Undergrad: 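Got a structure for you, questions after.
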Amino acid sequence: MTVQLPDETALEVPDGASGLDVARAIGEGLARAALGIRVDGELRDLAAPVPDGARVEIVTARSGDDALWLVRHDAAHVLATAVMELYPGVKISIGPPVDDGFYYDFDFPDGVKVSDADFERIEAKMREHVKADETFERSELPVAEAIERFRAEGQDYKVELIEDLVRNADPAHPVETVSLYRNGPFTDLCRGPHAPSTGRIKAFKLTSVAGAYWRGDASRQMLTRIYGTAFLSKDDLAAHLERLEEARKRDHRKLGRELDLFMFSELSPGSPFWKPNGQQLKNELTALWRDENADRGYREVQTPIIYDADLWKQSGHWHVYRENMYFTEVEGRTMGLKPMNCPAHTQIYSSERRSYRDLPIRYSEAGLVHRHEPSGTLHGLLRVRHITQDDAHIFCTEEQVPEEVQRCLDFGFAIYDVFGFEPRLELSTRPEKRVGSEEMWDRAEAALAKALDDRGLPYELNEGDGAFYGPKIDLHMTDSIGRSWQLGTVQLDYYMPEQFGLTYTGADNAEHRPVMIHRALMGSFERFIGILIEHYAGEFPLWLAPVQAVVLPIADRHNGYADRVAAELRAAGLRVEVDDRGESVKRKIREAELRKLPYMLVVGDQEADDGTVSVRRHRAGDIATEPVATFAERATAEVAARTDGGSAR
RNA sequence: GCCGGAGUAGCUCAGCUGGUAGAGCACUCGCCUUGUAAGCGAAAGGUCGUCGGUUCGAGUCCGACCUCCGGCUCCA
């Protein structure tokens with residue numbers, strides 16, 4: 001028979017040849033290096049038979065993700081092997097490879113707690129199995145036998161997995177057998193594939209331990225998940241750990257403290273305190289948002305943060321969202337802090353009679369909302385309870401929906417472009433806890449999908465993750481260590497206009513129901529700034545930098561001149577400090593560099609005589625000695641352009 | 001909310017098996033008057049997250065709670 005190789009050549013191999021046979025036919029060296037194969041696009045064991053005419057690709061350490069996937073999958077099994085030996089009575093569940101490594105979930109016997117202090121011991125045991133270079137052997141077992149086997153071993157989770165496999169199978173292709181993989185003393189229920197043997201894991205490390213619900217279900221058993229990572233060389237592992245270390249340096253929580261941007265207090269968990277520097281940055285961002293809103297036909301409003309529960313009953317929040325809201329009793333009335341601005345905006349809408357000629361009406365609000373996020377989910381600025389949204393609600397006719405949604409997307413991309421962000425798009429559809437009719441959801445979901453498709457934008461379908469009142473298009477960004485966060489959102493809502501009885505008078509002089517579009521582009525200033533800090537690693541573009549320049553007099557006698565320079569620059573609209581402490585220039589520069597201040601202006605006898613400043617740019621070093629006015633022009637132009645001035649990394 | 005870990009000076013961290021707290025940097029003061037990433041010296045600074053327990057004695061051991069960190073669930 002023949003197989004197709006990636007370079008389009010055909011290779012003659014004996015009937016029934018395995019992947020290894022194919023590799024051998026190409027070369028002995030390749031056969032030794034082979035970890036697995038891709039057959040017609042599917043990753044398989046090296047030992048798997050190859051069908052006649054198949055396209056076969058040999059996976060080696062140089063195959064990138066395929067190779068990592070195999071080795072990490074292997075490492076997960078080796079982890080389970082070690083844990084089974086060290087902790088008799090442990091029950092195993094699942095252990096897949098993931099983005100940066102792998103994990104395995106265990107149910108340890110009562111009283112056994114595993115922490116990272118145990119990693120050394122577990123890793124040592126894992127090393128033994130890697131060194132032994134145990135072969136991964138695949139076998140197939142009839143379902144009944146497999147269940148019996150795992151039941152006998154007390155591996156209840158495996159039994160449940162097999163039973164579910166059988167139950168959820170396509171009736172046309174019932175599951176009759178399951179595959180097992182054995183390495184050394186350990187056998188696991190596993191679909192595969194695996195590399196030929198444990199010795200192919202050239203470098204691994206356990207990284208963390210965490211709780212994880214069995215099958216991701218919060219009502220079920222909490223298992224212990226051990227995370228690790230594995231690579232094809234020690235250098236790759238070292239490089240990976242190095243990257244993690246670098247990522248930690250740009251963690252917004254660390255930079256927020258170091259750069260004096262914000263702080264937290266135990267007395268108000270999940271609520272940032274903006275310090276002057278952080279507030280300055282937030283103000284600049286708000287100014288950008290205001291400018292852009294004004295350009296696009298939005299009118300800014302501000303609404304109260306606390307309302308009678310009646311409002312929340314009418315909006316649906318009371319029924320669906322109460323758990324996440326803060327309530328208080330005042331003179332016998334139940335009042336709730338707003339978790340969203342939408343009901344408030346409907347009040348303004350319905351305060352007047354509206355004509356079709358008025359639509360679309362676009363209200364924007366830097367709205368302050370409070371949500372009682374579960375304590376375990378709070379995370380710096382990225383998950384807070386005190387949220388300032390760059391919110392807006394558009395009231396329009398059904399016909400106007402497509403254009404308004406497009407405008408929102410355009411607006412979002414325009415904002416993200418300022419920072420060089422490339423968000424990932426998601427379309428989130430009807431959730432389980434929802435309001436409104438199925439027909440309404442069909443209509444709304446179709447409208448959003450069409451908006452994305454019309455522009456050919458790639459997006460992910462996130463089923464069941466919509467808002468309770470309507471589907472949404474979300475813009476996601478990742479933080480410094482690769483966690484994804486939702487920022488912007490555009491939500492289509494037919495429900496709330498109905499609930500609040502919103503109307504407009506049409507050209508036919510009859511009353512009609514408007515449609516509401518909820519949209520936040522940055523999402524919240526808190527989360528957006530968190531991402532921004534990590535994106536810039538705290539080295540903000542000039543327009544955002546809380547302090548844009550610091551004047552550094554060389555000796556006390558230059559303080560007067562330094563003050564005059566600062567005054568001139570402030571008059572030009574720049575945010576300038578003078579460091580007139582009796583410290584050395586070296587020290588002042590070092591500290592300014594650590595504060596990541598964009599410009600340092602050194603002034604001494606020479607500069608005072610000539611009316612100049614010696615300009616040093618953060619990271620770049622000395623760039624010029626120029627008249628104060630020239631520097632002012634340089635800096636104000638940079639600010640006006642809202643460019644990153646080359647500081648983004 | 002759930003599982004695990006952690007909480008010592010403003011920050012980063014020491015403090016062995018219980019014997020009433022220590023360093024560097026920062027802050028304050030003094031000297032130095034400085035030319036592109038740390039000048040020198042002195043003083044000061046802590047209810048060891050909170051509350052309770054064990055003990056002659058608790059930063060250290062035990063319990064509860066709070067907050068933070070890593071995940072899980074959740075993220076309207």
Side-chain angles (χ1 to χ4, degrees), chain A residues 103 105 107-108 113-118 207-227 248 251 253-254 257-258 260 263-270 315-317 319-325 339-340 342 369 371-380 382-384 387 428 431-435 462 465-470 472 474 481 483-486 489 491 518 523 527 552-559 581-595 600-607 614-619 621-623 625:
Chain A
Y103 67 79
D105 284 349
D107 186 1
F108 286 95
K113 281 185 180 176
V114 174
S115 77
D116 53 11
D118 302 301
T207 49
S208 63
V209 56
Y213 298 107
W214 167 234
R215 311 216 114 173
D217 183 342
S219 68
R220 305 198 63 180
Q221 179 73 29
M222 173 67 75
L223 305 174
T224 302
R225 174 170 299 178
I226 298 178
Y227 281 94
R248 270 191 272 278
D251 186 311
R253 293 165 297 184
K254 180 174 156 67
R257 187 169 50 241
E258 290 173 355
D260 262 333
M263 52 167 265
F264 287 91
S265 160
E266 290 193 3
L267 298 175
S268 187
S315 68
H317 287 82
H319 306 287
V320 184
Y321 201 69
R322 194 169 15 151
E323 301 280 284
N324 290 295
M325 289 179 63
M340 300 182 198
C342 30
V369 301
R371 300 179 183 181
H372 185 236
E373 301 288 341
S375 56
T377 64
L378 302 178
H379 184 91
L382 298 180
R383 187 87 183 259
V384 292
I387 307 167
S428 296
E432 261 177 56
K433 273 177 108 178
R434 63 173 179 267
V435 291
N462 195 355
D465 208 34
F468 72 79
Y469 46 75
K472 56 196 185 114
D474 294 328
I481 63 167
R483 290 178 286 215
S484 180
W485 297 90
Q486 182 201 309
T489 182
Q491 313 177 343
H518 308 235
R527 185 173 283 182
L552 308 179
I554 287 172
D556 288 353
R557 64 179 179 281
H558 308 122
N559 287 355
R581 295 172 306 157
E583 298 288 353
S584 64
V585 174
K586 279 165 116 57
R587 181 173 198 104
K588 291 178 182 180
I589 284 177
R590 176 180 158 79
E591 290 179 12
E593 287 285 352
L594 291 175
R595 289 174 65 194
M600 286 147 273
L601 307 173
V602 179
V603 297
D605 292 333
Q606 200 64 50
E607 288 78 7
S614 174
V615 184
R616 178 186 167 110
R617 171 99 211 183
H618 173 63
R619 291 175 86 79
D622 243 350
I623 55 173
T625 296

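Computed from a predicted model, the values in this text were never measured in an experiment. Chain naming here is simple, since letters A, B, ... match the order of the sequence lines and numbering starts at 1 in each.
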Undergrad: Closer than 4.0 Å, any side-chain N/O of A:Lys586 to the OP1 or OP2 of B:U36?
TA: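 No, no such contact exists.
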Undergrad: Would you indicate which nucleotide in B:G5, B:U67, B:U34 comes nearest to any side-chain atom of A:Val585?
TA: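 Among B:G5, B:U67, B:U34, the one nearest the side chain of A:Val585 is B:U34.
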Undergrad: Mind checking if A:His317 touches a base, just sugar-phosphate, or nothing, with heavy atoms under 4.0 Å?
TA: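 No contact.
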Undergrad: A:Arg225 near the nucleic acid: base, sugar-phosphate alone, or nothing, with a heavy-atom cut-off under 4.0 Å?
TA: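 Answer is sugar-phosphate: A:Arg225 comes under 4.0 Å of backbone atoms only.
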Undergrad: When you compare B:C51 with B:A44, how far apart are their C1' atoms, in angstrom units rounded to a whole number?
TA: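 One C1' to the other, the span is 31 Å.
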Undergrad: How many Å lie between CD on A:Glu258 and P on B:G10, as a whole number?
TA: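 For the pair A:Glu258 CD and B:G10 P, the rounded distance is 17 Å.
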Undergrad: Tell me what A:Ala218 touches on the nucleic acid: a base, only sugar-phosphate, or nothing, going by heavy atoms under 4.0 Å.
TA: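 It contacts sugar-phosphate atoms only.
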Undergrad: Among the candidates B:U36, B:C74, B:G71, find the nucleotide nearest to the side-chain atoms of A:Val602.
TA: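 Nearest to the side-chain atoms of A:Val602, counting from C-beta on, is B:U36.
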Undergrad: So what does A:Val320 touch, heavy atoms closer than 4.0 Å: a base, only the sugar-phosphate, or nothing?
TA: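 Here A:Val320 touches no strand at all.
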Undergrad: In whole Å, measure the gap between the C1' atoms of B:G5 and B:A42 for me.
TA: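 The same atom, C1', in both gives a distance of 41 Å.
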Undergrad: Reckon A:Arg483 touches a base, only the sugar-phosphate, or nothing at all at heavy-atom distances under 4.0 Å?
TA: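 It contacts sugar-phosphate atoms only.
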Undergrad: Quick check: on RNA chain B, is the nucleotide nearest A:Ser614 upstream (toward 5') of the one nearest A:Gly470, or the reverse? Name the residue that is more 5'.
TA: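 Upstream on the strand: A:Ser614.
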Undergrad: Whether A:Tyr227 contacts B:C3 is assessed here as follows: a side-chain N or O lying under 4.0 Å from the phosphate OP1 or OP2. Is that the case?
TA: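 Looking at the OP1 and OP2 atoms of B:C3, neither is under 4.0 Å from any side-chain N or O of A:Tyr227.
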Undergrad: Run the ring-ring contact (aromatic ring centres under 6.0 Å, His included) test on A:His317 and A:Phe468 for me, step by step, so that the C-alpha distance in whole Å, both residues' side-chain angles and the decisive distance to 0.1 Å come before the verdict.
TA: CA-CA 9 Å; A:His317 287 82; A:Phe468 72 79; 5.0 Å; yes
Undergrad: On the nucleotide B:U34, are OP1 or OP2 found under 4.0 Å from the side-chain N or O atoms that A:Arg557 carries?
TA: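 Yes, A:Arg557 has a side-chain N/O under 4.0 Å of OP1/OP2 on B:U34.
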Undergrad: Could you tell me whether the phosphate oxygens of B:G39, OP1 or OP2, come under 4.0 Å of any side-chain nitrogen or oxygen in A:Ser584?
TA: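 So the side-chain polar atoms of A:Ser584 do come within 4.0 Å of the phosphate oxygens OP1 or OP2 of B:G39, strictly under.
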Undergrad: Side chain of A:Asp605 only, heavy atoms from C-beta on: which candidate in B:G35, B:G4, B:G71 is closest?
TA: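 Of all the options, the side chain of A:Asp605 is nearest to B:G35.
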Undergrad: Distance only, no hydrogens: is a donor on one side chain within 3.5 Å (strictly under) of an acceptor on the other, for A:Tyr213 and A:Arg215?
TA: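 Result is no, nothing qualifies.
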Undergrad: Mind checking A:Lys588 for me? I need base, sugar-phosphate or nothing, with any heavy atom below 4.0 Å counting as a touch.
TA: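 Result for A:Lys588 = nothing.
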Undergrad: Looking at the base of B:A37, is there any donor atom on it, or on the side chain of A:Arg619, that sits under 3.5 Å from an acceptor on the other one?
TA: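 Such a pair does not exist between side chain and base.
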Undergrad: What's the CD-C1' distance between A:Gln606 and B:G35, to the nearest Å?
TA: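 Rounding to the nearest Å, CD of A:Gln606 and C1' of B:G35 are 11 Å apart.
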Undergrad: With sugar-phosphate meaning primed atoms plus P, OP1 and OP2, does A:Thr377 contact a base, only sugar-phosphate, or nothing at under 4.0 Å between heavy atoms?
TA: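 Since a base atom lies under 4.0 Å of A:Thr377, the category is base.
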Undergrad: Could you give the CD-to-C1' distance, from A:Glu323 to B:U73, as a whole number of Å?
TA: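 It is 14 Å, rounded to the nearest whole Å.
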Undergrad: Classify the nucleic acid contact of A:Arg257 as base, sugar-phosphate or nothing, counting any heavy atom under 4.0 Å across all strands shown.
TA: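 Touches sugar-phosphate only.
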Undergrad: Using whole Å, report how far NZ of A:Lys433 lies from P of B:U73.
TA: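 Distance check: A:Lys433 NZ to B:U73 P gives 18 Å.
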Undergrad: Classify A:Gly466 by what it touches in the nucleic acid, base, sugar-phosphate, or nothing, heavy-atom distance under 4.0 Å.
TA: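 It contacts sugar-phosphate atoms only.
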Undergrad: Would you indicate which nucleotide in B:A37, B:U36, B:U34 comes nearest to any side-chain atom of A:Ile554?
TA: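 Nearest to the side-chain atoms of A:Ile554, counting from C-beta on, is B:U34.
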Undergrad: Which is true for A:Asp465 with a 4.0 Å heavy-atom rule: it touches a base, it touches only sugar-phosphate, or it touches nothing?
TA: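 Sugar-phosphate contact only.
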Undergrad: Would you kindly say whether A:Glu593 and A:His618 are connected by a side-chain donor-acceptor distance under 3.5 Å?
TA: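 Distance-only check passes for A:Glu593 and A:His618.
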Undergrad: Where the side chain of A:Arg253 is concerned, which of B:C75, B:U36, B:C69 is the nearest nucleotide?
TA: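 Among B:C75, B:U36, B:C69, the one nearest the side chain of A:Arg253 is B:C69.
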Undergrad: Grab the CZ-P distance between A:Arg617 and B:A37 for me, whole Å please.
TA: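 So the CZ-P distance, A:Arg617 to B:A37, works out to 17 Å.
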Undergrad: If the cut-off is 4.0 Å, is A:Arg590 near the phosphate of B:U36, judged by side-chain N/O to OP1 or OP2?
TA: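 Looking at the OP1 and OP2 atoms of B:U36, neither is under 4.0 Å from any side-chain N or O of A:Arg590.
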Undergrad: So A:Ser219, base contact, sugar-phosphate only, or nothing? Heavy-atom distance under 4.0 Å.
TA: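 Counting heavy atoms under 4.0 Å across all strands, no contact is made by A:Ser219.
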Undergrad: Can a side chain N or O of A:His558 be found less than 4.0 Å away from OP1 or OP2 on B:U33?
TA: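 Indeed not, no polar side-chain atom of A:His558 lies that close.
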Undergrad: Between B:U34, B:G70, B:A37, which nucleotide has the shortest distance from any of its atoms to the side chain of A:Arg616?
TA: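 Closest nucleotide to the A:Arg616 side chain: B:A37.
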Undergrad: What's the gap between B:C65 and B:C11 when it is taken at their P atoms, as a whole Å value?
TA: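 Each nucleotide's P atom is 26 Å from the other's.
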Undergrad: Checking all strands, does A:Ala555 fall into the base, sugar-phosphate, or nothing category for heavy-atom contacts under 4.0 angstrom?
TA: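 Base contact.
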Undergrad: Please give, in whole Å, the distance from B:C3 C1' to A:Phe108 CZ?
TA: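 Roughly 12 Å, once rounded to whole Å.
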Undergrad: Where do A:Ser428 and A:Asp474 come nearest, in terms of heavy atoms and distance?
TA: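 For A:Ser428 and A:Asp474, the tightest heavy-atom pair comes out as OG-OD2, 3.2 Å.
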Undergrad: I'd like to know if A:Arg383 reaches the base of B:C74 with its side chain such that a donor and an acceptor end up less than 3.5 angstrom apart.
TA: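 Donor-acceptor pair under 3.5 Å: yes.
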Undergrad: Over all strands shown, is A:Lys472 touching base, sugar-phosphate only, or nothing at heavy-atom distances under 4.0 angstrom?
TA: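 Answer is sugar-phosphate: A:Lys472 comes under 4.0 Å of backbone atoms only.
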Undergrad: Indicate, with a heavy-atom threshold strictly under 4.0 Å, whether A:Gly216 touches base, sugar-phosphate, or nothing.
TA: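 Contact class for A:Gly216: sugar-phosphate only.
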Undergrad: Just how far, in rounded Å, is P of B:U33 from CG of A:Asn559?
TA: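 From A:Asn559 CG to B:U33 P: 15 Å.
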Undergrad: Mind calculating the distance between CH2 (A:Trp214) and P (B:C72) to the nearest angstrom?
TA: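 Nearest whole value for this atom pair: 16 Å.
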Undergrad: Go through B:U67, B:G70, B:U36 for me and flag the one nearest to the A:His379 side chain.
TA: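 For A:His379, the side-chain atoms sit closest to B:G70.
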